[in-house]
Amino acid sequence: MSSILNGIPYVFVAAPLFAFILNNAVPRERMRSHAVALSGGVAALQLAAAILGFALLAASGRGEVRFGLFWSVDAAGAAYLRVNLVSLFLLLCVGFVALASALTAAKTIDDHRCSFANLFMALLLGMNGMLLATDLFTLYVFLEITGTASFVLIAMYKSSKGLEGAFKYLTMSALATIMMLTGLALLFMHTGSLAFADLGAAALSGASGEMDILCYGALALLISGFAIKAGAAPFHSWLPDAHQSADTAVSILLSGIVIKIAGAYGFIVLVELFGDLYAVRLSVAALGVATIAFGALLALVQTHFKRIAAYSSVSQVGYILFGIAAGSPLGLVGALLHVFSHAAFKSTLFSGAAALHEQLGTLDIEQMGGLQKNMPVTGFASVTSFLSAAGVPPFAGFWSKLLILISLWQAGWIGLSAAALGLSILTGAYFLRLQKKVFFGPRNPRWDDVKEIGGTIRASQIVLSAVNLGAGLCFPLVLLYLQSIGLI
Amino acid sequence: MIVAVYICLGFMLAFGVIAIMSDGLITAAITLAVTSAASGVLMYLLGAKWAAAFEISVCSGLVTVIFISAVSLSSGDKTKLPAEYQDSRRTKRLPAVLIVAGAALMCAAALTGFSLPAGDAAQTGLTFGETLWETRQADVWGQMIALITGTAAIVVFFKESENR
Amino acid sequence: MFKTICALLGDPVNPMISMCALPVAGGVLACLSRGRSRGALRMAVALLFGAANLVFALSLYLGGGASGALALGVQGLELRLAVSGIAALMLPFAGLLFLIVAVYAASWFHKREGGGAYMLLLFISLGMLNGALMADNLGVLLFFWEGLLCTLFGLLLIGRRENSKAAVKALALSGTADLILMLGILATARLAGSASMSEIAARPLSADGPGALGCACMLLGAMGKAGAMPFHSWIPEAASDAPAPFLAAFPGSLEKIAGIYLATRIVTDLYEFAPGSPMSLFVMVAGAVTLFFGVAMALIQKDMRRLLSYHAISQVGYMLLGIGTGLPVGIAGGVFHMMNNALYKTGLFVAAGAIEDQTGTTDLHKLGGLRRAMPVTAACFFVCALSIAGVPGTNGFFSKELIFDAALESGTIFYVAALAGAFMTAASFLKLGGAAFFSEARLPQGRRNIREARLGILIPAVLLAALCVLFGAYNALPLQTLIGPALGDAHIHAGWPENGTLVLLSSAVLLLALADHVYGRKKGGGALAAADHIHYAPGIKQAYALAERGLLDPYNWLMAAANGFSAACAWIEGGVTWFYDKAVPGLVTGTGQTLRRFWNGSVSRYLIIAVAGVACICLIFLLAALGEVAP
Amino acid sequence: MNGWIPVLCVLVPLLGACALPFAGKRSPKIRNALALALVAAAFAFSLASLPAALAGEPLAVRVKLPLGLSFGLVADALAVFMALTSSLVAAVIVIYSFGYVREYDNQNEYYMMVVLFIGAMMGLVHTTNLIFLYMFWELSAVCCWRLIGFYREEIAVARANKAYFVTVAGALVMLAGFLGIYAQTGTFDLEAMKGFPLPAWAVVLILFGILSKSATFPLHSWLPDAGVAPSPVTSLLHAAVLVKIGVFAYARLFVGTFVIPEIFALAVPVIAALSALLSAGLALRANDIKRVIAYSTVSQLAFILLGISSGTEEGFVGGLLYILAHAVAKGGLFLCAGIVEHSVHTKDITKMGGLAKRFPLTAIAFALCAASVMGIPPFSGFFAKYLVIDGMLAAGHPLLAAVFIIGAVMTVLYLARLFAKVFLGPPAFPDAKEGTSGMVASVVALAALALLLGLAINLPGSLAALIWEAM
């Protein structure tokens with residue numbers, strides 16, 4: 001049993017690498033048609049491996065599984081890679097969103113297929129690497145890889161004029177890089193080693209018992225760096241423009257999982273290491289409130305379908321930050337489950353956007369109207385994503401939000417919990433406006449002859465809606481399973 | 001030793017400002033090379049010899065070569081920045097802001113008694129090879145995947161699109 | 001014979017239930033009889049079921065009352081029925097009157113439309129009235145009491161669907177009165193601890209302090225049903241709209257019986273009604289006001305139906321005045337006056353119905369000289385008119401004397417008002433008799449050949465006139481044998497009133513009225529204008545003008561108040577809707593718009609915002625470092 | 001086995017609703033029959049659990065879950081009473097909507113949402129856990145949103161959104177209250193928290209949700225606006241079932257489970273009085289037939305809330321009877337309005353008149369239902385109003401009782417005005433023809449039911465008294 005468990009972590013690194021090599025080895029003409037299928041296969045493999053790994057690891061009861069591919073892992077001070085329950089769950093989410101993106105990409109991406117596959121693998125490697133890293137510097141390196149890969153994916157299909165969104169993403173990432181590197185440098189200077197094991201509030205306080213200014217500065221810079229990557233409130237400016245100029249398949253990846261792994265996972269690590277420092281959790285909570293409020297308010301006034309979805313992602317990241325800020329295991333579980341449910345309903349929404357773009361040619365919601373009649377599947381999928389995002393009970397979104405609210409209330413932040421509840425009515429507001437303008441409102445004669453989208457996008461919409469509803473309905477079973485492995 | 005450090009910092013600041021301000025791509029490339037060279041010297045002064053070696057050889061050397069070759073290969077009119085990127089209003093105030101920020105940082109460092117670490121920081125017993133291969137295995141992965149991503153990115157940008 | 005019928009039907013409760021169910025069955029049968037011979041069929045049903053109901057009522061009366069309970073299952077509302085005292089008397093009396101009115105209605109609708117629905121609703125009303133009279137539990141009394149509301153609304157809608165003003169007005173006013181009664185009943189039941197009248201009668205409640213609310217509301221409810229002010233204004237309206245038999249049934253008899261029965265039960269059983277107490281003053285004042293203004297309005301009417309309906313209102317004033325005094329003689333006088341009024345008022349309405357049946361109109365301008373064409377109707381009208389005017393020797397006179405006696409004892413102002421009322425009643429009936437029967441014929445020549453009324457209408461009129469004469473000539477029968485035992489004190493002085501001065505005064509008033517009529521006739525030219533000199537006298541003219549415009553009509557006050565209140569509500573609602581539709585959405589989208597303008601897409605602005613964000617996070621850490629922010 | 005009846009009562013409509021669109025694709029007849037069968041099944045199951053509830057040991061199924069989220073369905077007396085009321089009226093409304101919705105499009109979604117709504121109602125009535133109560137509460141809000149926006153016009157969707165916002169905002173505030181309770185007791189299970197004294201702020205938060213759902217004064221604005229929905233929807237949602245959820249929650253939480261501070265025994269009736277008077281005043285002035293009836297609903301709901309919150313047995317029993325009487329009568333009124341509006345194509349009562357001649361059966365049914373709402377015997381409305389006012393007097397507030405009598409008087413005024421304006425007076429639409437036989441039959445059935453319940457009041461009366469003992 002443990003042999004399989006030890007083998008599984010290798011899949012997450014070997015599979016994308018092998019696919020990358022295969023993608024470039026086979027001559028371009030034949031590879032063109034299978035490139036996206038290959039990336040879909042890799043995503044599916046990762047998803048399966050993560051599920052199997054999670055089950056085995058939970059059953060085996062071992063905290064984590066260390067591995068170093070060619071080297072022994074027990075050398076002193078070795079920066080090995082490891083896999084634990086949190087990272088396995090996030091790897092599962094990565095696989096799930098990558099699969100959804102591949103399904104959409106099969107329809108929407110018709111040129112540069114090989115390059116898309118290459119960058120898809122690079123992005124996958126970046127994210128997997130971040131989740132497997134055991135020290136802050138490796139985490140930063142893989143963060144940069146994810147950043148570069150997603151920048152190129154965004155800028156890939158645009159003419160020189162359309163590079164504006166990608167350019168904004170690049171400049172903001174550069175700012176994040178500067179801050180994170182200085183933070184890491186300050187930390188390294190103070191503690192001598194960046195491995196998770198050595199770091200921790202105790203290590204930081206050192207002999208004198210209280211933190212000196214530089215360590216506070218380091219933490220502040222690290223938090224703002226991850227905030228930019230996560231698209232938290234004051235730093236979210238790049239997200240909508242990046243989404244508007246990126247292809248829909250890339251948008252699914254970007255808002256479905258990249259901002260979660262690059263941003264939220266960073267916060268998970270920080271709170272895990274320096275959680276008992278009240279300032280860290282307070283600043284994450286403050287970011288959370290600002291993110292939800294700004295995201296929702298801005299989403300309410302947009303006229304482009306994907307910008308609304310982008311701001312909605314910004315807003316939902318706020319809830320994940322809330323879960324992390326609570327600091328309790330229940331909060332962490334809530335945040336992770338919200339990562340999964342957000343991935344599910346955001347991918348649904350974006351595949352809806354892809355369908356609309358394919359069939360109508362435009363994504364300006366002012367020109368749409370009453371499409372429920374012509375495009376019932378897309379309409380139904382958008383309703384499931386609305387209900388799950390707004391936290392309407394039978395859907396997955398509600399349960400994860402509920403856990404986050406309970407953890408916030410138990411952490412003593414009653415005001416924040418009430419604010420989260422109040423702001424979720426804003427979530428409902430902008431989704432209802434979207435429904436009214438696009439699907440539910442009076443019919444626009446211009447789209448009378450529009451037919452429903454076919455192929456993989458319809459399949460992905462149906463599967464994703466089923467996941468949204470299914471995860472919600474059998475959530476009590478998930479709770480029982482989590483209790484059996486002692487997480488709640 | 002402190003004076004040399006401040007000189008290098010001064011060089012870096014000045015040439016950095018010129019690099020941002022200049023309209024010509026070539027002058028920008030050259031001044032960027034000088035900035036990275038100054039940072040290399042600074043690292044050497046602060047005792048990070050390996051890092052200094054890499055900095056000078058790779059950043060100021062190789063990168064500058066690539067920049068200049070790319071600029072010279074492309075046709076003549078590309079040397080000037082396209083019109084819409086020239087933000088005249090901003091260029092006036094930038095140097096003043098940067099110099100003031102530099103001065104502020106310096107006196108902040110002075111105030112908090114920021115002391116330079118001892119010249120030759122305690123060298124860990126390991127040689128460069130050992131640190132890279134034994135303790136920093138994850139970095140090997142990191143470098144490898146970074147190279148892959150870089151090549152994939154370059155391939156995308158400089159390739160004629162297949163079917164257009 | 002009657003007892004056997006009770007035994008036949010099992011335990012005592014059964015006949016009582018059947019007295020409610022029997023009329024309903026009769027009504028359904030009458031309504032279902034269709035086809036050519038429906039007139040005769042309905043007459044037969046009316047006779048059969050009316051008689052059966054009368055027999056049951058008499059069997060209960062002679063059987064000395066009965067009581068029984070049926071668990072209705074709802075807390076505080078078990079169906080307890082008990083027939084004793086005044087209820088036992090009222091049941092047969094109502095049965096008798098119903099029989100007469102039913103026959104009259106059957107013959108009236110012989111040729112006309114809407115007969116079936118009318119009979120159905122009339123029979124259901126009888127069922128409800130029987131139920132109300134028999135109810136011992138106050139809640140059950142209210143159940144049957146309000147039931148009359150439905151049938152009243154239905155009856156008023158027959159034939160007059162175009163303008164439904166009278167029906168709506170009746171529903172509104174009686175609905176209000178019934179709801180006030182509900183409040184009164186609940187307060188009384190709550191105060192007494194139990195809702196059964198027989199238990200409350202054991203130890204009556206005091207009418208001052210907490211009991212005042214209950215007593216006042218119940219009295220208001222009783223007065224509302226009887227048709228006294230301030231709930232009276234639908235009756236004249238209904239008079240001009242509703243079919244003629246309706247007037248004879250509802251304002252004529254059923255409503256009066258119910259209203260005065262409840263008023264008597266309140267005064268005698270439920271509350272200690274001290275003669276001088278504020279509650280008795282309240283009832284007497286209401287009685288006097290109704291009496292005076294009712295007949296004042298009747299005086300100037302030019303249409304027979306409206307004139308008689310106003311008289312119906314003013315006669316209630318006499319009864320309330322009598323009961324309001326609280327003295328045994330007053331209460332007996334009130335009840336006796338109610339019985340007399342039921343007889344002669346119904347008789348007058350039947351006579352008016354006969355005239356309308358023959359001539360097609362009740363407008364006095366067009367009528368005249370019917371004495372020769374319809375001698376029997378004229379005779380019956382003449383007998384009833386004499387008794388309503390209270391001419392010595394008639395039954396009206398004896399009951400009025402008792403009320404005058406009681407009124408004099410409790411306050412001369414009430415006695416003077418009663419006398420003025422008697423004067424105007426006499427004057428108006430002289431005018432009516434003169435205009436309709438004695439002046440020369442002014443009918444349009446098309447209606448020259450008027451014959452005597454049909455038998456079905458004539459017999460009820462004659463029967464009623466005969467009863468009036470009977471009650472007048474031998475008044476010991478109603479007083480000592482019927483009302484005395486019902487009210488529990490048998491020694492009421494029957495026969496000729498012993499207080500001679502009262503008799504002299506009232507006959508003087510009658511003579512004065514006759515003189516005024518002769519003077520008015522000569523001055524106004526014709527019997528119809530006999531009362532015009534009073535109508536257009538300087539001070540009184542403006543008062544009448546006000547009344548004409550409906551300013552004194554309580555219904556209009558109620559509607560004005562309701563519309564004013566709803567205008568205020570509309571203003572508040574405007575504010576609430578503004579908040580929901582404009583304020584909240586405007587605020588939210590407003591902030592959204594400003595934020596969108598702030599994030600205008602320029603990279604430098606984004607970077608500045610990001611740096612500001614970093615500064616905030618550093619601030620938080622600074623505060624934490626200085627120990628400000630404790631967990 | 002017996003535990004399965006409540007589960008089936010909840011699951012059959014919920015899962016059946018999902019099958020309706022597919023049945024609809026095959027043929028409308030099958031879909032209509034299936035919809036009626038599902039609602040009838042809900043009625044049958046709740047009827048099946050009646051004897052056990054009467055015998056005192058209710059059918060139940062309980063599943064233990066972590067975090068105090070234990071799922072439980074108990075068919076106790078209150079649950080069965082509410083389930084029977086709502087599924088009975090819903091069945092009549094579904095029959096009515098066969099004729100009404102025939103010529104409009106997206107009927108599949110209409111029937112799916114109606115049956116889903118009934119499933120949510122059954123779940124909400126039977127559940128014993130606060131979070132699952134909130135779950136069914138939100139599900140009904142979503143169904144209400146889709147149904148109000150049925151005509152897909154601009155105004156209809158705007159009003160649907162408004163209804164969604166107000167009810168969901170209230171529900172979210174209520175959820176905050178539930179979290180507060182969870183923080184203090186550590187569980188969401190109602191049976192475990194029986195008799196727990198609630199702090200005042202938690203009660204206020206939960207009251208927000210209750211008042212928004214049962215459209216009481218400050219939060220009532222969405223109900224009159226929802227007149228844009230088709231008549232069976234307004235009848236189902238705003239008369240018979242949806243608005244009863246709020247009052248049921250009050251009974252289940254504050255009377256059945258928790259002990260609330262004394263102040264609320266006076267505060268809630270005062271709010272109810274305010275709402276009753278204000279909406280009665282507005283009903284007197286409104287000229288849209290559905291808006292008048294909607295304001296009347298707001299006013300009558302205040303009556304029900306008064307009864308249930310009076311804290312005395314008479315008041316509580318009266319409140320429950322009022323729920324039954326109002327559901328039947330008000331449902332009938334809305335359906336009659338539907339028939340009238342469906343054939344004359346206008347909702348403005350000033351343009352109507354004299355329709356009694358053209359719609360004799362509808363006019364009689366409207367008059368009977370209006371009488372029951374006015375509280376005129378022998379209809380069931382009378383007993384309910386009698387007991388509610390009695391309860392108020394028993395609680396020792398004669399002034400409030402008088403205020404509610406004024407409310408009752410205004411009810412008589414505006415319903416008489418409405419009846420006169422629509423059915424009496426000079427005929428305005430001489431050639432209008434009455435709706436289909438199905439529609440008229442269901443309306444007459446409801447009117448007859450109102451009369452029948454009045455005469456046989458002791459059946460629901462004894463059930464209501466039993467509920468009070470169980471509380």
Side-chain angles (χ1 to χ4, degrees), chain C residues 71-78 128 139 142-147 149-150 153-154 157 160-165 167-169 171-172 174-176 178-180 182-183 185-187 189-191 195 210 213 217 558-559 562-570 572-573 576-577 579-581 584-585, chain D residues 162 165-166 217-218 220-222 224-225 277-285 313-314 317 321 354 356-357 367 371 374-378 382-383 385-387 389-390 392-394 398 401-402 405-406 408-410 412-414 416-417 419-420 423-427 457-459 461-462 464-465:
Chain C
L72 201 56
V74 177
Q75 204 276 341
L77 256 184
E78 65 286 348
M128 293 287 179
L142 185 65
F143 174 81
F144 289 112
W145 188 275
E146 280 202 52
L149 211 57
C150 292
F153 188 66
L157 282 186
R160 269 290 188 287
R161 287 241 181 73
E162 279 65 31
N163 63 3
S164 59
K165 197 169 174 324
V168 170
K169 197 167 185 180
L171 185 66
S174 345
T176 318
D178 290 350
L179 285 169
I180 293 173
M182 173 194 269
L183 186 63
I185 281 181
L186 286 172
R190 185 53 46 198
L191 196 64
L213 169 75
C217 291
L558 177 71
M559 289 316 283
N563 289 334
F565 176 72
S566 73
C569 298
I572 298 171
E573 176 73 0
V576 168
T577 332
F579 174 75
Y580 277 104
D581 293 350
V584 169
Chain D
K162 176 175 176 180
F165 284 150
V166 175
F217 168 61
H220 70 295
S221 180
W222 62 276
D225 286 352
L277 283 185
L278 184 94
S279 43
L282 291 168
L284 203 57
R285 170 175 287 278
E313 177 175 3
E314 297 88 355
V317 167
L321 284 183
K357 218 173 296 319
M374 290 184 209
I376 296 175
F382 163 73
F383 293 100
K385 201 164 271 189
Y386 179 81
L387 285 172
I389 305 284
D390 193 11
M392 207 61 237
L393 282 172
I405 286 289
I406 295 170
V409 165
M410 293 195 75
V412 171
L413 290 183
Y414 65 69
R417 164 184 177 264
F419 182 76
F423 290 103
L424 306 178
I457 195 67
N458 48 12
L459 290 178
S462 51

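Proteins get letters first, then strands, A, B, ... in listed order; numbering begins at 1 in each.
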Looking at chain D, which one of [options] has the largest number of heavy-atom pairs inside 4.5 Å, strictly under?
{"options": "C:Tyr580, C:Phe153, C:Phe565", "answer": "C:Tyr580"}
{"options": "C:Ala568, C:Gly154, C:Ala567", "answer": "C:Ala567"}
{"options": "C:Leu142, C:Ile180, C:Ile185", "answer": "C:Leu142"}
{"options": "C:Leu558, C:Leu179, C:Val584, C:Asp581", "answer": "C:Leu179"}

If I take atom [atom1] from residue [X] and atom [atom2] from residue [Y], how far apart are they, to the nearest 0.5 angstrom?
{"X": "D:Met374", "Y": "C:Leu171", "atom1": "CE", "atom2": "CG", "answer": "5.0 Å"}
{"X": "C:Thr577", "Y": "D:Asp225", "atom1": "OG1", "atom2": "CG", "answer": "7.0 Å"}
{"X": "C:Met182", "Y": "D:Lys385", "atom1": "CE", "atom2": "NZ", "answer": "7.5 Å"}

Counting heavy-atom pairs under 4.5 Å with chain C, which one of [options] comes out on top?
{"options": "D:Pro378, D:Gly354, D:Ala420", "answer": "D:Pro378"}
{"options": "D:Pro224, D:Ala371, D:Ala416, D:Ala394", "answer": "D:Ala394"}
{"options": "D:Leu278, D:Val412, D:Ile389", "answer": "D:Leu278"}
{"options": "D:Ala283, D:Ala464, D:Ala408", "answer": "D:Ala408"}

Between [X] and chain C, which part of the residue has a heavy atom less than 4.5 Å away: side chain, backbone, both or neither?
{"X": "D:Ile406", "result": "neither"}
{"X": "D:Phe419", "result": "side chain"}
{"X": "D:Leu282", "result": "both"}
{"X": "D:Phe217", "result": "side chain"}

Taking all heavy atoms of [X] and all of [Y], pick out the closest pair and write down the distance.
{"X": "C:Leu183", "Y": "D:Ala401", "value": "CD1-CB, 4.1 Å"}
{"X": "C:Ala172", "Y": "D:Leu413", "value": "CB-CD2, 3.6 Å"}
{"X": "D:Phe382", "Y": "C:Glu146", "value": "CE1-OE2, 3.7 Å"}
{"X": "D:Gly281", "Y": "C:Cys569", "value": "CA-SG, 4.0 Å"}
{"X": "C:Cys150", "Y": "D:Pro377", "value": "SG-O, 3.6 Å"}
{"X": "C:Ala562", "Y": "D:Leu284", "value": "CB-CD2, 3.5 Å"}

With sequence neighbours excluded, what pairs up with C:Arg190 under the side-chain hydrogen bond (donor to acceptor under 3.5 Å, both in side chains) test?
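If we apply the side-chain hydrogen bond (donor to acceptor under 3.5 Å, both in side chains) test to C:Arg190, skipping adjacent residues, the hits are D:Asp390.
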Begin from the C-alpha positions of C:Leu186 and D:Met392 and carry the test side-chain contact (heavy atoms from CB on, under 4.5 Å) through to its verdict.
CA-CA 10 Å; C:Leu186 286 172; D:Met392 207 61 237; over 6 Å; no
With a 4.5 angstrom heavy-atom cut-off, which part of C:Asn563 approaches chain D: side chain, backbone, both or neither?
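For C:Asn563, heavy atoms of backbone and side chain both lie under 4.5 Å from chain D.
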